Amino acid sequence: MQTIRGFRDILPEHISLWQRVEQEAFSLFESFGFKEIRIPVLEKTDLFARSIGETTDIVEKEMYTFSDRKGDLVTLRPEATASICRSYIQHKMYATDPVRKFYMTGPMFRRERPQKGRYRQFYQIDAEVFGIESAYIDSELIFLLNELFKRLGLTGLTAHINSLGCPECRPAFQRALLDFLGKRKQVLCENCTRRIQKNPLRILDCKVDSCQKALEGAPATIDHLCQACDDHFTIVRTTLERQGVAFMVDKSLVRGLDYYTRTAWEIKTTTLGAQGAVAGGGRYDGLVEELGGPATPAIGFAIGFDRLVEVMEQLKKNGQDPPLDLFIVALGNAAMAKAYHWSCDLNLAGFRTGMDSRGKSMKSLMKRADKLNASHVLIAGENELKENQLILRNMDTKDQTMIAIDNLVPTLMTLLTK
RNA sequence: GUGGGCGUAGCUCAGUUGGCAGAGCACUAGGUUGUGGUCCUGGUGGUCGCGGGUUCGACCCCCGUCGCUCACCCCA
């Protein structure tokens with residue numbers, strides 16, 4: 001028996017980094033006024049098809065879609081934004097307060113070919129903001145990501161940002177791009193030839209050499225922005241500069257979901273092989289209305305949790321297991337019976353305490369204590385029980401002292417917490 | 001969906017021309033009757049991914065298949 005292809009266990013020895021990331025992220029989000037939201041893993045297929053875009057790779061070939069026992073078409077969520085929008089609309093949140101800031105984490109599912117940094121079940125940390133059109137929110141989200149990565153001690157990341165325009169300026173840009181490409185159709189790769197019809201914007205970030213060549217001198221979205229979009233993008237850039245957030249404007253950054261408008265960005269690393277994006281986000285001012293809600297500006301990002309942890313593991317030597325405060329070496333059945341109660345009491349008193357009740361030799365038990373990285377060992381054998389005293393051994397200094405069994409827990413609290 | 005690399009002990013990997021299945025680490029016991037890390041000695045542990053074929057004989061050669069991995073594509 002083993003996991004399904006592209007699915008994996010995250011084992012206890014790796015979990016501490018996950019917890020640390022989660023704690024740092026959530027406390028940072030909370031202090032910026034975000035609230036946690038929890039949404040279902042399964043939604044109607046239609047939600048994703050309408051929001052992400054019928055012709056995107058995600059919808060066309062990567063979703064886990066099936067009909068349930070009644071024949072309803074449902075899909076394991078490939079991302080979180082669509083569901084959060086659905087929730088915002090379904091609960092009419094706009095009626096009481098259109099401005100909402102959410103964060104969440106959880107598994108997403110996409111049936112791609114697995115490789116380094118890419119799994120079929122992967123985890124994202126999301127943040128979304130509804131109801132604010134101001135460019136300061138765009139800056140705030142990018143600033144937030146930058147701050148989080150700083151707190152986690154990450155280096156070697158670069159923020160790529162771009163503006164994709166809005167329904168006002170995009171048609172004109174698309175015409176300009178198609179005009180430009182018209183003369184070079186033959187050079188484009190198979191994919192891009194198809195994209196001319198379906199989604200010309202995507203040609204911009206094609207990685208095929210011949211396409212990159214063909215794009216030299218091609219019009220860029222940021223050169224065709226309408227006044228409002230241009231102003232918006234200017235504020236994003238100048239604000240980030242003023243806050244000291246390093247970024248580069250990347251004209252080829254497009255992103256593969258159709259709902260994005262205006263600001264789009266990705267945080268990239270070079271340490272994960274071909275999977276460069278550790279986080280990505282963008283504005284999606286039309287999506288809430290598209291899904292049946294009132295016209296509501298919105299913006300959000302997703303952090304690739306698995307990728308983030310992998311980058312961190314490469315940067316740091318993975319920390320040891322947290323050490324044990326005390327290991328109880330109990331020799332014989334009588335000692336073991338007592339040790340069990342001591343151990344529980346000490347655990348409740350806040351000590352990380354362990355023992356081994358497999359009836360092993362003293363040498364084995366000492367080895368066990370060493371393996372668990374115990375700072376102290378409490379030795380309880382027949383002699384000690386007779387004397388009503390135990391040996392407390394400091395594993396670093398090898399000092400041993402006798403302590404009374406009466407009032408054991410209070411005694412250890414004073415001895416071990418100094 | 002398309003390519004490349006790899007599947008031998010818990011882990012990392014050797015395995016000669018086709019001739020008894022190996023090492024290091026880890027685990028375990030002892031050396032030391034009740035004291036850890038270093039050291040020494042012993043021990044446990046294998047469907048050689050799986051199925052078929054060739055052969056007196058297959059970890060090795062052939063065919064098929066599954067899995068892992070990296071890359072393309074796309075994204076987190």
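Note that these values count all heavy atoms, side chains included, but never hydrogens, waters or copies made by symmetry. Predicted model only: the values in this text are computed from it and were never measured.
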Colleague: In whole angstrom, give me the gap between the P atoms of B/A26 and B/G37.
Modeller: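 Per the computed distance, 12 Å lies between those P atoms.
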Colleague: For A/Phe7 and B/U69, what is the distance between atoms CZ and P respectively, to the nearest whole Å?
Modeller: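 Result: 13 Å.
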Colleague: What is the distance, to the nearest angstrom, from the CZ atom on A/Arg120 to the C1' atom on B/C68?
Modeller: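 Result: 13 Å.
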Colleague: Starting at the 5' end of RNA chain B, which residue's closest nucleotide do you reach first, A/Gln124 or A/Gly6?
Modeller: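 Between the two, 5'-proximity favours A/Gly6.
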Colleague: Between the side chains of A/Lys338 and A/Glu384, is the shortest nitrogen-to-carboxylate-oxygen separation below 4.0 Å, so that they form an ion pair?
Modeller: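 Not counted as a salt bridge, because no side-chain N and carboxylate O are separated by less than 4.0 Å.
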Colleague: Between atom CD1 in A/Ile4 and atom C1' in B/C66, what is the gap in whole Å?
Modeller: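 The distance from CD1 of A/Ile4 to C1' of B/C66 comes to 15 Å, rounded to the nearest Å.
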Colleague: Is there aromatic stacking of A/Phe305 on B/A76 here, judged by a ring-centre distance under 5.5 Å and a plane angle under 30°?
Modeller: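 It does not: the ring fails the test against the base of B/A76.
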Colleague: If B/G43 has a Watson-Crick or G-U wobble mate with both distances under 3.5 Å, name it; if not, just say none.
Modeller: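 Partner of B/G43: B/C27.
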Colleague: Kindly indicate whether a cation-pi arrangement holds for A/Arg111 with A/Phe109, taking the cut-offs as under 6.0 Å to the six-membered ring centre and within 45° of the axis.
Modeller: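 Here A/Arg111 fails the 6.0 Å and 45° test against A/Phe109.
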Colleague: Does a nitrogen or oxygen in the side chain of A/Arg5 sit under 4.0 Å from OP1 or OP2 of B/U69?
Modeller: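 A/Arg5 to B/U69 OP1/OP2: no side-chain N or O under 4.0 Å.
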Colleague: Starting at CG of A/Leu11 and ending at P of B/G10, how long is that distance when rounded to a whole Å?
Modeller: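 Roughly 16 Å, once rounded to whole Å.
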Colleague: Would you kindly give the CG-to-P distance between A/Leu157 and B/A76, to the nearest whole Å?
Modeller: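 So the CG-P distance, A/Leu157 to B/A76, works out to 16 Å.
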Colleague: By the 4.0 Å heavy-atom rule, please label A/Ala279 as base, sugar-phosphate, or nothing.
Modeller: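 Sugar-phosphate only.
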Colleague: Give a yes or no on whether the backbone of A/Ala80 and the side-chain of A/Asp126 come within a donor-acceptor separation of less than 3.5 Å.
Modeller: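 Flag not set: sc A/Asp126 to bb A/Ala80 has no pair under 3.5 Å.
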Colleague: With a 3.5 Å limit on both atom pairs, tell me what B/C20 is paired to, counting Watson-Crick and G-U wobble, or say none.
Modeller: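 Across any shown strand, B/C20 pairs with none.
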Colleague: Side chain of A/Arg118 only, please: which of B/C73, B/A29, B/A71 is the nearest?
Modeller: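 Between B/C73, B/A29, B/A71, the one nearest the side chain of A/Arg118 would be B/C73.
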Colleague: Distance check: side-chain N/O of A/Ser364 vs OP1/OP2 of B/U28, anything under 4.0 Å?
Modeller: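 Result: no.
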Colleague: Sugar-phosphate means primed atoms, P, OP1 and OP2; the rest is base. With that split, encode nucleotides 31-40 of chain B 5' to 3' as B, S or - using protein heavy atoms under 4.0 Å.
Modeller: B--BBBB---
Colleague: In whole Å, measure the gap between the C1' atoms of B/U33 and B/G15 for me.
Modeller: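 Those two atoms are separated by 45 Å.
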Colleague: I'd like to know if A/Glu112 reaches the base of B/A76 with its side chain, counting only an N/O donor and acceptor under 3.5 Å.
Modeller: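 Per atom types, the contact qualifies.
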Colleague: Would you tabulate the pairs of protein nitrogen or oxygen atoms and nucleotide nitrogen or oxygen atoms of nucleotides 4-6 of chain B closer than 3.5 angstrom?
Modeller:
none

Colleague: A/Met104 has an atom CE; how far is it from atom P of B/A76, in whole Å?
Modeller: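 Distance check: A/Met104 CE to B/A76 P gives 14 Å.
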Colleague: Which class fits the ring pair A/Phe26 and A/Tyr103: parallel under 30°, tilted 30 to 60°, perpendicular over 60°?
Modeller: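 Plane angle between 30° and 60°, so tilted.
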Colleague: Quickly work out the A/Lys116 NZ to B/C73 P distance and round it to whole Å.
Modeller: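 Interatomic distance, NZ of A/Lys116 to P of B/C73: 18 Å.
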Colleague: Could you tell me which nucleotide pairs with B/G3 by Watson-Crick or G-U wobble geometry, both distances under 3.5 Å, or answer none if nothing does?
Modeller: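 With both distances under 3.5 Å, B/G3 matches B/C70.
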Colleague: Taking the C1' atom in each of B/A21 and B/G45, what is the distance between them to the nearest angstrom?
Modeller: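 After rounding to an integer number of Å, I get 13 Å for this pair.
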Colleague: Please tabulate, for the side chains in residues 37-49 of chain A, all donor-acceptor contacts under 3.5 angstrom to protein atoms that are two or more places apart in sequence or on a different chain.
Modeller:
{"residue": "A/Arg38", "atom": "NE", "partner": "A/Glu36", "partner atom": "OE2", "Å": "2.9"}
{"residue": "A/Arg38", "atom": "NH2", "partner": "A/Glu36", "partner atom": "OE2", "Å": "3.3"}
{"residue": "A/Glu43", "atom": "OE1", "partner": "A/Arg86", "partner atom": "NH1", "Å": "3.1"}
{"residue": "A/Glu43", "atom": "OE2", "partner": "A/Ser83", "partner atom": "OG", "Å": "3.0"}
{"residue": "A/Glu43", "atom": "OE2", "partner": "A/Arg86", "partner atom": "NH1", "Å": "2.3"}
{"residue": "A/Thr45", "atom": "OG1", "partner": "A/Leu73", "partner atom": "O", "Å": "3.2"}
{"residue": "A/Thr45", "atom": "OG1", "partner": "A/Val74", "partner atom": "N", "Å": "3.3"}
{"residue": "A/Thr45", "atom": "OG1", "partner": "A/Val74", "partner atom": "O", "Å": "3.4"}
{"residue": "A/Thr45", "atom": "OG1", "partner": "A/Thr75", "partner atom": "OG1", "Å": "2.7"}

Colleague: Measure from CD on A/Gln115 to P on B/U2 and round the result to the nearest Å.
Modeller: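 Rounding to the nearest Å, CD of A/Gln115 and P of B/U2 are 16 Å apart.
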